[in-house]
**Q** 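Please find one structure pasted underneath; my questions will follow.
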Number of protein chains: 2
Amino acid sequence: MKTRIKELRARYDLTQEDLANKVGVRRETIGFLEKGKYNPSLKLAYKVAKTLETTIDELFIFEETDLE
Amino acid sequence: MKTRIKELRARYDLTQEDLANKVGVRRETIGFLEKGKYNPSLKLAYKVAKTLETTIDELFIFEETDLE
DNA sequence: TTATTATGTTAATTATATCTAACATATACT
DNA sequence: AGTATATGTTAGATATAATTAACATAATAA
């Protein structure tokens with residue numbers, strides 16, 4: 001799964017830690033999400049999307065291999 | 001968090017078990033999702049949305065209290 | 001150089017989504 | 001009446017998301 005978190009975070013001039021604080025998670029969690037290292041909960045995905053003023057479907061890009 | 005799973009599932013004339021089989025999870029998991037009993041992973045949310053030919057943002061409706 | 005800031009990454013722990021199995025209930029059909 | 005189907009719900013086990021803490025690296029600034 002790919003994500004546009006890093007791109008949008010840069011647009012708002014936020015560090016991983018800034019975004020983590022706004023969302024209410026750890027910096028590492030944001031880092032792992034950006035790297036596609038894990039599959040977040042829907043709630044977390046929603047919070048990140050809302051913080052970056054976008055939608056879940058815009059923020060996370062699924063590929064066929066993600067369906068397995 | 002509210003969801004339109006039940007509504008869309010009815011539109012496609014699928015039982016919980018039918019949808020579960022298509023998505024690759026247990027029937028109970030679909031039941032719990034419909035009842036808002038838990039917060040699915042993004043991947044599961046995506047699979048359900050895709051199976052019901054909709055988007056995550058259309059399928060799951062967040063409220064302010066879901067952000068806590 | 002040294003110090004600071006932002007990010008990467010690992011390992012161990014905790015929290016929770018999902019599975020599994022079982023049983024209950026309600027509805028519809030014969 | 002019975003049987004079958006669809007859903008509700010519970011409890012325990014398993015998988016994994018997320019935390020915590022620590023240390024590494026790269027870039028930038030003093």
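Quick note: numbers below take in every heavy atom, side chains included, and nothing from hydrogens, waters or symmetry partners.
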**Q** Does anything in residues 12-26 of chain A form a salt bridge (charged side-chain N to carboxylate O under 4.0 Å, His left out)? List the pairs, not counting sequence neighbours.
**A** A/Arg26-A/Glu28
**Q** Starting at CG of B/Leu59, measure out to CD of B/Glu7 and round the result to the nearest 0.5 Å.
**A**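 So the gap between those two atoms works out to 9.5 Å.
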**Q** Shortest non-hydrogen contact from B/Leu52 to B/Ile5?
**A** CD1-O, 4.1 Å
**Q** Over how many whole Å does the gap from B/Ile5 atom CD1 to D/dT7 atom P extend?
**A** 13 Å
**Q** Counting primed atoms plus P, OP1 and OP2 as sugar-phosphate and everything else as base, spell out the protein contacts along nucleotides 13-23 of chain C at 4.0 Å heavy-atom distance: B, S or - for each nucleotide, 5' to 3'.
**A** ----SBSBBB-
**Q** Distance check needed: C/dA6 P versus A/Asn21 CG, whole Å only.
**A**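 It works out to 11 Å between those atoms.
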**Q** Mind checking what makes salt bridge (charged side-chain N to carboxylate O under 4.0 Å, His left out) contact with B/Lys35, not counting sequence neighbours?
**A**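 Counting only residues at least two positions away or on another chain, B/Lys35 forms no salt bridge (charged side-chain N to carboxylate O under 4.0 Å, His left out).
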**Q** Please give, in whole Å, the distance from D/dT7 C1' to B/Lys6 NZ?
**A**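 Spelled out: NZ on B/Lys6 to C1' on D/dT7 is 8 Å.
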**Q** Counting just side-chain N and O atoms, does A/Gln16 come under 4.0 Å of either OP1 or OP2 of C/dT5?
**A**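 Looking at the OP1 and OP2 atoms of C/dT5, neither is under 4.0 Å from any side-chain N or O of A/Gln16.
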**Q** Whole angstroms only, please: what is the CG-P distance between A/Leu14 and C/dA6?
**A** 11 Å
**Q** Tell me: NZ of A/Lys35 to P of C/dT7, nearest whole Å?
**A**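 Rounded to the whole Å, the gap is 11 Å.
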**Q** Can you measure B/Ile30 atom CD1 to D/dT5 atom P for me and round it to whole angstrom units?
**A**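 Atom-to-atom, B/Ile30 to D/dT5, this comes out as 20 Å.
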**Q** Roughly how far, to the nearest 0.5 Å, is the CD atom of B/Glu58 from the CG atom of B/Leu8?
**A** 9.0 Å
**Q** In this structure, how many angstroms lie between the C1' atom of D/dA17 and the NZ atom of B/Lys43, rounded?
**A**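 One finds 12 Å between C1' of D/dA17 and NZ of B/Lys43, rounded.
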**Q** Rounded to whole Å, please give me the gap between CD in B/Glu17 and C1' in D/dG8.
**A**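 Roughly 14 Å, once rounded to whole Å.
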**Q** Which heavy atom of A/Gln16 sits nearest a heavy atom of A/Arg9, and at what distance?
**A**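 Shortest heavy-atom separation between A/Gln16 and A/Arg9 comes out as N-NH1, 3.3 Å.
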